[in-house]
Each structure stands twice: as C-alpha cells, then as structure tokens.
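Scroll down for the structure; my scribbles are underneath it.
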Number of protein chains: 2
Amino acid sequence: MSTERHDDKRRRSAANGTLELERFLPYQLNVLAEQVSRSLSKIYGERYGISIPEWRVIATLGQYGRMTAKEIGLHSRMHKTKVSRAVASLQADGRLERKANSDDKREALLRLTRQGRLIYDALAPDALAFAGELTSVLSQADSEALGRIIDQLRERSEDLALGLDRSG
Amino acid sequence: MSTERHDDKRRRSAANGTLELERFLPYQLNVLAEQVSRSLSKIYGERYGISIPEWRVIATLGQYGRMTAKEIGLHSRMHKTKVSRAVASLQADGRLERKANSDDKREALLRLTRQGRLIYDALAPDALAFAGELTSVLSQADSEALGRIIDQLRERSEDLALGLDRSG
DNA sequence: TGACATTAGTTGCGAGTGTAACTATTTCTT
DNA sequence: AAGAAATAGTTACACTCGCAACTAATGTCA
C-alpha cells in the first residue's frame, strides 16, 4: 500500500515515512483535547451546570474582576459570538451582571454576581485539582517541557495558517 | 502568609496555584488543538474539499485497505454516527465503495475507490509535511518527549473520567 | 457639520455533532 | 428451534458553532 522507494523517505517527516493516524500530531492533539474536555466537563456540567464557554467566562472574570465581552474573548481566545452567548446565559442565570459604560455605550462592563463568584470559588480548586491529577503522571522533566512545547506549537501553527492563507 | 486576610482571593500561593486560564492545561490543549485543526483544515478543505472526519476515514482506509465502519471508528476514535456520515459523504462523491459482507450482512466492507486513493496519495505527503513543519520548532528532546507525554495524558484522562463517573 | 468607516455586541442561518431511538441481522439462552 | 439480547449501522432531534449580516454607537476626515 505504501511506497517504499528510498528517496521518498527523505521528504516525509514521520519516523518511518508512512502516514499513521495514531502517530499524526494534529490527530493526537485533537483526540487528547477532546478526551480532557470530556473529563473536565463532568465537573463543569454535572457538578455546576455550566458549559465550557461559560466556564471560561467565569474563570476570566474571576481572575480579572471587571471586563468587556471583547476583552474576555481576547483573553480566553473565544469567538465573539461564543462570548456573547455564554454571557447572555450566565446573566440569565443570575451569575453575571452587565453595567453600561457611560463613556462608550457600545460596550458593557461585565462582572460576576455574588452567586457567580461562589461558583468560581468552588470550581477553581476543583479545576486545579483536576489539572494536577492529570499532570501527576508526567515526569518532572516532561511536565516542565509541556508548557514550553504547547506555546511553541501554537505559535508555529498560527504562523503556518497565515502562510497557507497567502499561498492558498 | 502573616498578613493574609480571609477574603484575600488574589494572593494565593504559587504552590497552591492561582487559576490562570492561560496556564490551565485543559484550556491550553483545547486552544492548541483548535488552532492546529484550523490550520490543517486549510489543506483538507480548501485544497481537497473534504472535512476532518472524511480525512480520518480516508487516512484509515489508505493505511489498512479494507475495513468495516466500526473498525474505522475504533482506529480513528470517532463516534459511529460521525463515521457513518463521513462514509456516506465519501461514497456519494465516488471516493469510497461499500461491499456487502455475505458472512455478516449487518456490516459492510469499505475501501477507497481509485479516485479516493488518488486523494489519499496526494494528501498524505501534504499532511506529513505539515506535521513536520509544526514539530520543526521543537528541540530534539522536546520532540521526543511530546509523543510520550500525549499518550500518558490521554490514558490518565480516560482513567480520571471513569473515576468521575463513579463518584459523580 | 455631515458622510463614511470602524467597533462592540447580537442574531439568523447553515453545517456539524452526540444521544437516543430505530432497522436489520446475528448470537445467545434455554 | 424460538424468543431475548446483542451488534452494525442509520436517522430524528436538540444543541452548538462560526460566518455573515445586522444594530447601535463612536471615530475619522474633508
């Protein structure tokens, strides 16, 4: 099924040259992220009744206090429609409140209500514990490498996407 | 510690860990996987006109030749409805063909058509090149660590999900 | 000032997804 | 052998998402 000519190997990046899905990094990353999200969603959803976008909004406001929807989106890397819907849902549930900005009436300043703050205070330790249990299987060296690797890959991928845009 | 007040939420020690979204592994993994998928989708979609699930089916059949939908799902870690829809779409486009299995009429044996094989042969090198360009920013040591880290994290996450199921 | 461009945020819409229910077939149990 | 359980695969449904279009407000510039 696969070509076995020696001069092909040089041009292929995987160790043995053929495309194996389970060794293909984009696939591996996707499977891992999905798996981790599913596990974590059990805490988000079943224990606190919120979605992942809502969780990101809560985590961002919990960390920074008062922000606009745009700032939340930038900080948590979410599309503005995702932020808009998560904010609307949290507000409907009384976990977040908007305050008009008199200096610029296009935007609204958002912050957690007392109820939203309670959720954040309860959820944050659980989330940190989950992350801790996740990384506890890694060696000290691997654990330190991981943060660096993730940042490098994300930046590289962004650059590649730009390159593909220009040529495609 | 000596001046800590009971309501001082911003001064948790680094050891306990303040929850910072951009340092939270599940978030980082999700952002990275999304970014990589978006980049790679430019090759899948714009250059060859197929979706990610379709790409996974093509890659699996390209590697193994003839399989059932269930086997494809197991190998590529896709839900059976995702496989079903991707297979139906590929078949409609003449890129895949089904053959009834006379030994078990519930299942069908699937394989790429000549046209599907052409896509695989063209796409696989591009995909490998993309992965190569992605990992080229990593040091040799980090690159080797990455595969190991991903496998360990995925297994750990699966175990944690089971634990959460039982307790939650 | 007045016309045009830009920005924050919302919403309609189409595409994709997982759950649950369903069909058709095979296997198990007695 | 007959009914029950299990299995491969499909489909209806509800939900999520991003794009594009939209509203409302602000900024730009002649």
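We name chains A, B, ... by the order of the sequence lines, and we start the count at 1 in each one. Just so it is clear, the structure is predicted and the values come from calculations on it, not from any experiment. Values below: every heavy atom of this structure, side chains too, minus hydrogens, waters and symmetry copies.
The residue among A:K105 and A:P53 whose nearest nucleotide of DNA chain D is located toward the 5' end is A:P53.
Distance, B:M78 CE to D:dA8 C1': 16 Å, rounded to whole Å. In this structure, CG of B:N101 is placed 19 Å from P of C:dA24, rounded to the nearest angstrom. In this structure, B:K82 atom NZ and C:dA20 atom P are separated by 17 Å, rounded to whole Å. For the pair B:I52 CD1 and C:dG18 P, the computed distance is 12 Å after rounding to whole Å.
Of all non-hydrogen atoms in A:Y27 and B:H75, the two that sit nearest each other are OH-O, 3.4 Å. The two atoms that bring A:S136 and B:R156 nearest to each other are OG-NH2, 3.6 Å, heavy atoms only.
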Exercise. Decide side-chain contact (heavy atoms from CB on, under 4.5 Å) for B:T113 and B:Q91; before the verdict, give the C-alpha distance in whole Å, the side-chain angles of both, and the deciding distance to 0.1 Å.
Key: CA-CA 9 Å; B:T113 60; B:Q91 187 185 19; over 6 Å; no

Per-nt protein contacts along nucleotides 6-15 of chain C (heavy atom under 4.0 Å; B base, S backbone sugar-phosphate only, - none) come out as BBSBBBBB--

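Annotation: the span from A:S76 atom OG to A:E71 atom CD amounts to 11.5 Å, rounded to 0.5 Å.
A salt bridge does not link A:E144 to A:R148: none of the charged side-chain nitrogens sits closer than 4.0 Å to a carboxylate oxygen.
For the pairing with B:W55, the side-chain hydrogen bond (donor to acceptor under 3.5 Å, both in side chains) check across B:Y120, B:Y44, B:Y48 returns one residue only, B:Y44.
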